[in-house]
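Right, one structure below, let's go through it.
Treat the numbers as computed from the prediction; the structure is a model and nothing was measured.
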Amino acid sequence: MPLSGTDAASRSPRVLRVECMPLDCGGAAIVVELDRMPERTWMKSLRRVLQADDALEGAQAKFDGRFVYVVGVEGGGHRAQHRVAQALMATEGAFASGAGLQRPSAGTALSGTMTT
């Protein structure tokens with residue numbers, strides 16, 4: 001029996017925090033803390049959204065329990081942090097609706113707490 005959009009949305013993890021972490025080797029990683037461990041389909045959706053975003057070219061999501069580490073981001077850390085927040089919003093929408101994934105649009109705000 002297929003899940004409705006409401007059921008899928010209830011399984012989507014909630015973003016608690018998005019932070020930029022400078023790396024010793026140069027560059028930065030974006031760290032996302034979720035309220036629970038994401039499902040495999042949600043992880044795949046986030047990876048697809050990140051790949052579709054030209055501003056995050058080369059970025060990869062690494063998952064460790066409730067944490068997502070987006071590594072390989074180029075440019076300013078705060079800009080990358082904003083783009084990852086947009087990707088999270090696009091992932092949530094696509095996961096909840098089951099629709100095709102689209103590139104995050106400029107000006108999309110992230111619901112929940114976000115620290116810099």
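In the hydrophobic clustering of ILVMFWY residues, with side-chain heavy atoms under 4.5 Å counting as a link, Ile30 and Met43 come out together. Criterion: ILVMFWY side-chain heavy atoms under 4.5 Å apart, direct or through other members. Under it, Phe67 and Met21 are part of a common hydrophobic cluster. Linking ILVMFWY side-chain heavy atoms closer than 4.5 Å, directly or via other members, places Val32 and Val71 in two distinct hydrophobic clusters.
Taken from OG in Ser45 to CZ in Arg40, the straight-line distance is 12.0 Å, to the nearest 0.5 Å. Note that CD of Gln60 and CD of Gln51 are 8.5 Å apart. Values are rounded to the nearest 0.5 Å.
Judged by distance alone, with hydrogens and angles left aside, the side-chain atoms of Asp35 form no donor-acceptor pair with the main-chain N or O of Pro13 at under 3.5 Å. For Gln81 (side chain) and Val18 (main-chain N/O), a donor-acceptor pair under 3.5 Å exists by modelled atom type.
Across every non-hydrogen atom of Ser12 and Glu92, the tightest pair is OG-CG, 4.0 Å. Annotation for Ala61 and Leu50: closest pair CB-CD1, 3.7 Å, computed over non-hydrogen atoms. The nearest pair of heavy atoms linking Val73 to Ala28 is CG2-O, 3.2 Å. Residues Ala80 and Leu56 approach most closely at O-CD2, 4.3 Å, considering heavy atoms. Considering all non-hydrogen atoms of both residues, Val68 and Leu34 come closest at CG2-CD1, 3.9 Å. Closest non-hydrogen pair, Met37 versus Arg66, comes out as N-CG, 3.8 Å.
Few gaps surround CD on Glu39; more than 12 heavy atoms of other groups in view lie less than 6.0 Å from it.
Using a 4.0 Å cut-off between charged nitrogen and carboxylate oxygen, Asp53 and Arg83 count as a salt-bridge pair.
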Practice problem: Give the C-alpha distance, both sets of side-chain angles, the deciding distance and a yes or no for side-chain contact (heavy atoms from CB on, under 4.5 Å) between Leu46 and Phe63. | Solution: CA-CA 11 Å; Leu46 178 59; Phe63 297 90; 4.1 Å; yes
